[in-house]
Every structure is written in C-alpha cells, then in structure tokens.
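Step one of this worksheet: look at the structure below.
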Amino acid sequence: MKFNTKTIHSGQQPEETTGAVMPPVFFTSTYAQEAPNRHKGHEYARVTNPTRSALENLLAGLEDADHACAFASGCAAMDAVLKMLRPGDQVIATNDIYGGSYRLFTEVFEPYGIQFRFIDMSSIDAVRQAFTPETRMLWVETPTNPLLNIVDIAALSDEARKRGALTIVDNTFASPALQQPLKLGADAVVHSTTKYIGGHSDLIGGAVCTSHDEIYDNLTFQTKTTGAVPGPMDCYLALRGTKTLALRVERSCENARVLADFLAGHPDVGDVRYPGHSNHPGHEIARRQMSDFGAMVSFSLKKDDVDHAHAFMSNTRIFTLAESLGGVESLISHPASMTHASIPKKIREAAGLKESLIRLSVGIEDAGDLRDDLQSAFRSIAT
Ligand SMILES: *Cc1c(COP(=O)(O)O)cnc(C)c1O
C-alpha cells in the first residue's frame, strides 16, 4: 500500500457490531466480564480502549512499525521512552531541540541521574566523540527546531547500533508523510500527534512507534502503570485528522516552498532556514531521507533584534501568532521568547538561534495570500 492509502486504511476495519466505518468513541472506563477474567479483550480503559487501539493501529502502519503506543501528549510519550533508562545512563541529544524536550531532559530526568549531552548532530564525528560506555540512547530531532538543521538518521542509527545504544527519532516536524525513521534504522519514533498527525490544532496527544517487542512491552507496561493515556475523544480526533495527513502535508510543503523563495529574495531578511534550498547545509541528506522538505521555514531579520521581530509578528493577519505547528492554519512564532525561552540564552546563541529568528508553520491556505500577508508585515515595520 502507498502512504496515502495507508492513512485511510492501515489497521482499520468497520466496527464489528454495527459496521460503522469510523470507530465509535468508546466512552467507558471499564468493561463487563462474563465470569472473572472472561472478557472480550478489554478489562479497564487505562489499559486498553478500542478507539485508542484503532489510532495505534493506524499510526503503526504509517511508520511501518509493528506497534504503536498512544500517549496523552508528545511530552508523555517522550517521558515514557526516557523511563526505560536507569541512573547513570547517558543520552546524546540534538543540540537544536524542542524546548519542552530540553526542559524534560534537564529538569526532570537529570535530577534522577540520567545524563544528557547536547551535540550538533549534523557532525557525525561530534556524535562519535560524545559516546561513552554509559551511552544508551541517541535522541534525534530532524528537521531540528527551530533552525531546521538536518540530521542523518541512517548514519547515526548505524553508529548507535555498533555501540549497543538505541536511536530514538522525534519525527514530529517531518511527520510520517515525509520521513519514516524506522526504515532508516531507528529503533523507535516519537510523535507529538498534536502537530501534523492531528493537523487541526484541536487536541493534545503523543505516540511511540516501534518494531522492538521489548520497547513496546515496556511502554504498554508504563501506560498501564503510570496512566498517561489519551482519552477516547482525543484518539478519535487524531484518527480523523490522520486520514487527510498526506493531502495536508503535500499542500503545506508546496506553500512553504513559495514562501521560502519569497523570503530568500527579500531585502529585510537576514538568512532563511529551509532544507529545500540547495544552499542549506543539510539539503542533500534531506533529499535522501525525506520525500519533501517540510512546511516549517525559519528566518532572521537583517536588523537582528527582539523588538523588530515582535513588531513583524504583530503585523501579520493570516499568520496567527501562536506556539505549536502542523495545523491547517499558518502560525508564526518567536522561538527566543516563546517555545525556546526555557533554554538559557547562552546555549541558544551557541546553537545559532538568533534573537530575531522567526519560525513559520505553513498551513494549507492559498500561497499568494500567505505571501501577501508577509509582504504587508514587512511594509509595516519598514522605517
Ligand atoms: C510539540 C512537540 C513535542 C511535545 O508534544 P506535546 O504534544 O505538546 O506534549 C515534542 N517534540 C516536538 C518536536 C514538538 O514539536
């Protein structure tokens, strides 16, 4: 099956009792048993819920995984993956990383004795040098957030495997429509389904997809035991959103290309970060490991200051000033003061995150309208 067929059909069957084409939203906490422990496969909804199972089956199919485990949020999914570690273990992570991941790593897991090293993963050598006998996990984000650097998943998975470490890829930015890390050698994929998978900015959710039975067993043990499970309504929304994933991502990518070209030619723009441009340092790897270049575009202003960036963002009408990404609507944000404010300024600067950097999540509106919106924001801040 091709990807766009899988988004509709993977792991889906009409519901048994009624033939409903979409799975019902099973609002129940428990299930009747005929006799003690004689039941229809469900005992208690923290453990399993049929709406959740339908979503998990679909997501597993999209990542070509044997299993998927849904969580209450992307952060809960990451939290469960990290809980497979033990004190003394080390994780090598991408330095240009989602702010919430950085906070989870450094403020929750470091105090429990897990060590993190943040490395520019576009350099395989730098990663090689960071390995120690305690390294258990590579934590990869690509494209990275917010600089949209590209990390070579196949090369890094190889390095990790040789040293007995797992490779975990946070695939939220690309979505399975553009990149399938398990096929490139990764051991597990993490998603915030809040973003492209849900696609309509109307839910919070997460998932882990893997073909390792031990990882899957560990994760289902955790959902049963710690309970960070999504409710059935959110599962339904994510499932419904996923049906149009291929179409939405295709249109968003087309729009992003138009805007990235427009920005690259604009006199007030400093630099444009978009993996689809041939001068982007990760362009060749992106061509290999992604089927398109994504719908995220970041750029800095020639006049690199926070107030200037804030003024620009307050003057767009179609682009909504908001955190998050991956929805049908275009969003604009300022990483240094919003999503990445929890990363110390010194570390942000070392990673190349400029004060005026503006991040666009390009939606599925008309490309001309989006370009005109940016054009008029530039006019309104021109001095
Ligand atoms: C949003 C996001 C997360 C966290 O997901 P939530 O659903 O907000 O908890 C993790 N990683 C990336 C790359 C994200 O964009």
Side-chain angles (χ1 to χ4, degrees), residues 1 5-84 176 182 188-195 197-245:
M1 255 194 264
T5 309
K6 284 192 200 168
T7 59
I8 321 277
H9 295 292
S10 219
Q12 307 301 303
Q13 300 92 32
E15 196 267 332
E16 269 172 36
T17 54
T18 61
V21 168
M22 281 297 280
V25 185
F26 284 92
F27 283 118
T28 189
S29 60
T30 191
Y31 307 86
Q33 309 195 4
E34 280 165 47
N37 296 320
R38 246 205 12 246
H39 52 72
K40 300 186 164 77
H42 300 281
E43 289 167 89
Y44 188 64
R46 179 169 8 88
V47 186
T48 54
N49 174 290
T51 317
R52 197 165 101 214
S53 304
L55 172 65
E56 291 171 336
N57 293 342
L58 185 60
L59 295 179
L62 298 191
E63 288 286 3
D64 251 346
D66 291 347
H67 316 285
C69 194
F71 287 88
S73 69
C75 285
M78 298 194 291
D79 178 74
V81 171
L82 291 165
K83 280 186 188 144
M84 298 193 301
L182 300 184
V189 165
V190 173
H191 276 291
S192 166
T193 56
T194 312
K195 316 292 168 55
I197 287 175
H200 296 74
S201 306
D202 54 5
L203 68 95
I204 294 285
V208 182
C209 304
T210 182
S211 294
H212 280 250
D213 294 343
E214 321 86 83
I215 295 179
Y216 178 64
D217 290 346
N218 189 312
L219 296 174
T220 51
F221 173 78
Q222 287 196 54
T223 50
K224 177 170 86 176
T225 307
T226 64
V229 295
M233 190 65 209
D234 283 344
C235 290
Y236 177 84
L237 288 171
L239 187 87
R240 176 177 163 146
T242 309
K243 306 263 174 179
T244 54
L245 176 67

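Remember, it's a predicted structure, so these values are computed and weren't measured experimentally.
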Would you mind writing out the side-chain donor-acceptor pairs for residues 203-216 within the sub-3.5 Å range, not counting sequence neighbours?
residue, atom, partner, partner atom, Å
T210, OG1, D187, O, 2.8
T210, OG1, H212, N, 3.0
S211, OG, D66, N, 3.0
H212, NE2, D187, OD1, 2.8
D213, OD1, H67, NE2, 2.9

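- Atoms SG and CZ, on C235 and F26 in that order, are 12.5 Å from each other to the nearest 0.5 Å.
- Heavy-atom minimum distance, R46 versus V229: O-CG1, 3.5 Å.
- The closest side-chain heavy-atom distance from F27 to M233 is below 4.5 Å.
- Under the 4.5 Å side-chain criterion, counting only non-hydrogen atoms from C-beta, H200 is in contact with T244.
- How far CD1 of I197 is from CG of L239: 11.0 Å, rounded to the nearest 0.5 Å.
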Checklist entry - L59 and T193: side-chain contact (heavy atoms from CB on, under 4.5 Å), yes or no, with the steps? => result CA-CA 10 Å; L59 295 179; T193 56; 4.1 Å; yes

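- Summarising the geometry, atom CG belonging to D234 is positioned 8.5 Å from atom CG belonging to D202; distances are rounded to the nearest 0.5 Å.
- No donor-acceptor pair closer than 3.5 Å links the side chain of R240 to the backbone N or O of M22.
- Closest of all the heavy-atom pairs between R52 and A45 is NH1-O, 3.1 Å.
- Remark: side-chain polar atoms of Q222 are not paired, donor with acceptor, to backbone N or O of T220 under 3.5 angstrom.
- Between the CE atom of M78 and the OG atom of S192 there is a distance of 8.0 Å, given to the nearest 0.5 Å.
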Item to check | K83 and F221: CA distance, side-chain angles, deciding distance, side-chain contact (heavy atoms from CB on, under 4.5 Å) verdict | outcome: CA-CA 11 Å; K83 280 186 188 144; F221 173 78; over 6 Å; no

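- Between L182 and D64 there is no side-chain heavy-atom pair separated by less than 4.5 Å.
- Using a distance-only test at 3.5 Å, with no hydrogens or angles considered, a donor-acceptor pair links the side chain of T30 to the main chain of E43.
- Between the T242 side chain and the L245 main chain, no donor and acceptor come within less than 3.5 Å of each other.
- Looking at every heavy atom in both residues, N49 comes nearest to T51 through OD1-N, 2.8 Å.
- Atoms CG and CD, on L58 and Q12 in that order, are 5.0 Å from each other to the nearest 0.5 Å.
- Identified under the ring pair (Phe, Tyr, Trp, His ring centres under 6.0 Å) test for residues 31-53, with sequence neighbours left out: Y31-H42.
- Residues P176 and H191 share a closest heavy-atom pair of CD-CE1, 3.4 Å.
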